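Side chains included, hydrogens not; waters and symmetry mates left out as well; all remaining heavy atoms used. Computed from a predicted model, the values in this text were never measured in an experiment.
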Amino acid sequence: IKISPKASFLLNDPSGAFHYNFFVSADYTKNLGSQWFLETTTDWTLLEDISKSAKTPNSSLLPHVRSDIPLYKRDSKFKLSNLLLNKYFHPSEGVFARGSAGLYEEMYGGVGGQVLFMPKSGNLATDLSVDWVKQRDTQGWFGFRPYSTVTAILSTRYRLPYGVTATVRAGRFLAKDSGARLELKRRFESGFEMGLWYTRTNGNDLTASGNEGRPYYDKGVFLTFPLSRLLTKDSQAIAGFSIAPWTRDVGQMVRSPGDLARLLERQVRDLHERDGLRYLGDMEDDYDLPSLGTGPRERVWPDFVAED
């Protein structure tokens, strides 16, 4: 169970230069056994004026996959943001899979899955995510809008020197537009990460800053940092901040119900950078471990454990 305060801001909207949303999220995760996990999140809005943006007419010519977000803030102050059932698989070494069903996020619910291939080195990872999603209504519970689509994204990640990771994603996005997205991020010794992304698709976003000869393309920057650096005890909690377009429909992706590459990234990194030890009390690998079939000083490819 986790309760966390959150804030979001909307800048440069036609209805005003600055809008805000302060809310509290309550998360509950339950391991149902055999790699089955139940996840649910509720959000309670404390103070917001982003709903004022709903008074501005939506001029997007694409399906309104994200540009109606002010309506979701206006119509639901207490909402069920997600309700998910995830099943994880580890069929063979370096191959992982996930199946999901439920409410993915504030705006979409559906069913889907992901398959990831990650060799032992951990420097390269390739995965395919396919999801059928339907747009939720603005009340924040179990109603839906008519819009639905299938998204299919093939992603390849490569870990470069100096803590840099490059990711290329290609496929079909939420507005039924097709194209590619490039992501770059760097991780520092402190655990602090910063990065950016840029997307080009065949969806022509001609509203506001876009025009006939120069359509808008999705882009943004982000940073994350481990809260353990600010606390007196060990914690796996991570805080994040990003600047991205709120009311654009081009190049958008549904929130992953459990991205395998992100879940495994830290485990594989610790396996190589910290000799496989992450917590006090972890079993040392200096001895023969017959139950795992390893010899002295042989690094163990970790069993898959889904954790966020």
Side-chain angles (χ1 to χ4, degrees), residues 2 4-8 25 27 29 88 90 93-96 98 114-129 153-170 180-199 218-245 251 253-282 285 299-308:
K2 179 176 67 175
S4 52
K6 296 185 178 182
S8 54
S25 285
D27 302 280
T29 301
Y88 295 90
H90 189 185
E93 183 177 286
V95 179
F96 307 88
R98 167 188 52 81
Q114 181 184 17
V115 178
L116 168 73
F117 173 68
M118 181 183 289
K120 258 190 174 182
S121 68
N123 290 330
L124 177 69
T126 300
D127 71 85
L128 174 66
S129 298
I153 305 294
L154 179 67
S155 304
T156 299
R157 300 167 178 81
Y158 189 75
R159 191 167 60 183
L160 300 165
Y162 306 107
V164 176
T165 300
T167 303
V168 177
R169 308 182 192 272
R181 166 172 163 148
L182 173 65
E183 301 173 10
L184 290 173
K185 74 173 182 179
R186 185 181 180 189
R187 181 179 184 275
F188 298 87
E189 289 290 335
S190 63
F192 178 88
E193 291 184 345
M194 61 185 303
L196 54 85
W197 75 86
Y198 181 75
T199 311
D218 180 63
K219 61 183 74 70
V221 297
F222 67 90
L223 59 88
T224 63
F225 57 91
L227 292 181
S228 59
R229 298 288 177 174
L230 307 176
L231 303 176
T232 58
K233 60 180 181 180
D234 186 34
S235 172
Q236 299 303 311
I238 296 175
F241 176 80
S242 65
I243 300 177
M253 298 190 302
V254 69
R255 178 183 176 185
S256 173
D259 183 46
L260 293 172
R262 182 174 59 84
L263 291 173
L264 284 164
E265 181 179 40
R266 177 169 54 85
Q267 296 188 45
V268 174
R269 181 179 65 243
D270 291 343
L271 178 69
H272 293 280
E273 295 181 2
R274 302 183 184 179
D275 205 27
L277 302 180
R278 293 185 288 128
Y279 308 106
L280 291 176
D282 280 352
D285 61 352
R299 290 179 172 179
V300 181
W301 182 248
D303 285 338
F304 176 61
V305 178
E307 56 180 336
D308 195 351

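- Within a 6.0 Å sphere centred on CE of Met194, other residues, nucleotides and ligands contribute 12 heavy atoms or fewer.
- Among all heavy-atom pairs drawn from Arg98 and Ser256, the shortest one is NH2-OG, 3.8 Å.
- The two residues Met118 and Ala125 come nearest to each other via the heavy atoms CE-CB, 3.9 Å.
- Around OH of Tyr158, the count of heavy atoms belonging to other residues, nucleotides or ligands within 6.0 Å does not exceed 12.
- Remark: Ser242 pairs with Phe222 by the side chain to side chain contact (heavy atoms under 4.5 Å, CB included) rule, at least two apart or across chains.
- Closest approach of Val95 and Phe117 over heavy atoms only: CG2-CD1, 4.0 Å.
- Arg169 pairs by the side chain to side chain donor-acceptor pair (under 3.5 Å) definition with Ser155, Glu183, not counting sequence neighbours.
- Partners of Thr156 according to the side chain to side chain donor-acceptor pair (under 3.5 Å) rule, which considers only residues two or more places apart in sequence or in another chain, do not exist here.
- Scanning both residues, Arg186 and Tyr162, for their nearest heavy atoms gives NE-O, 2.9 Å.
- Evaluated for a side chain to side chain donor-acceptor pair (under 3.5 Å) with Arg157, the options Asp127, Thr165, Asn123, Thr126 yield exactly one hit, Asp127.
- Qualifying side chain to side chain contact (heavy atoms under 4.5 Å, CB included) partners for Ala166, counting only residues two or more places apart in sequence or in other chains: Leu160, Leu184.
- Judged as a side chain to side chain contact (heavy atoms under 4.5 Å, CB included), and not counting sequence neighbours, the contacts of Val115 are Ala97.
- Taking the side chain to side chain contact (heavy atoms under 4.5 Å, CB included) definition, one finds that Ala180 meets it with Ala170, sequence neighbours left out.
- A search for salt bridge (charged side-chain N to carboxylate O under 4.0 Å, His left out) contacts involving Lys185 returns Glu193, Glu265, not counting sequence neighbours.
- Closest heavy-atom contact between Val221 and Trp197: N-CZ3, 3.8 Å.
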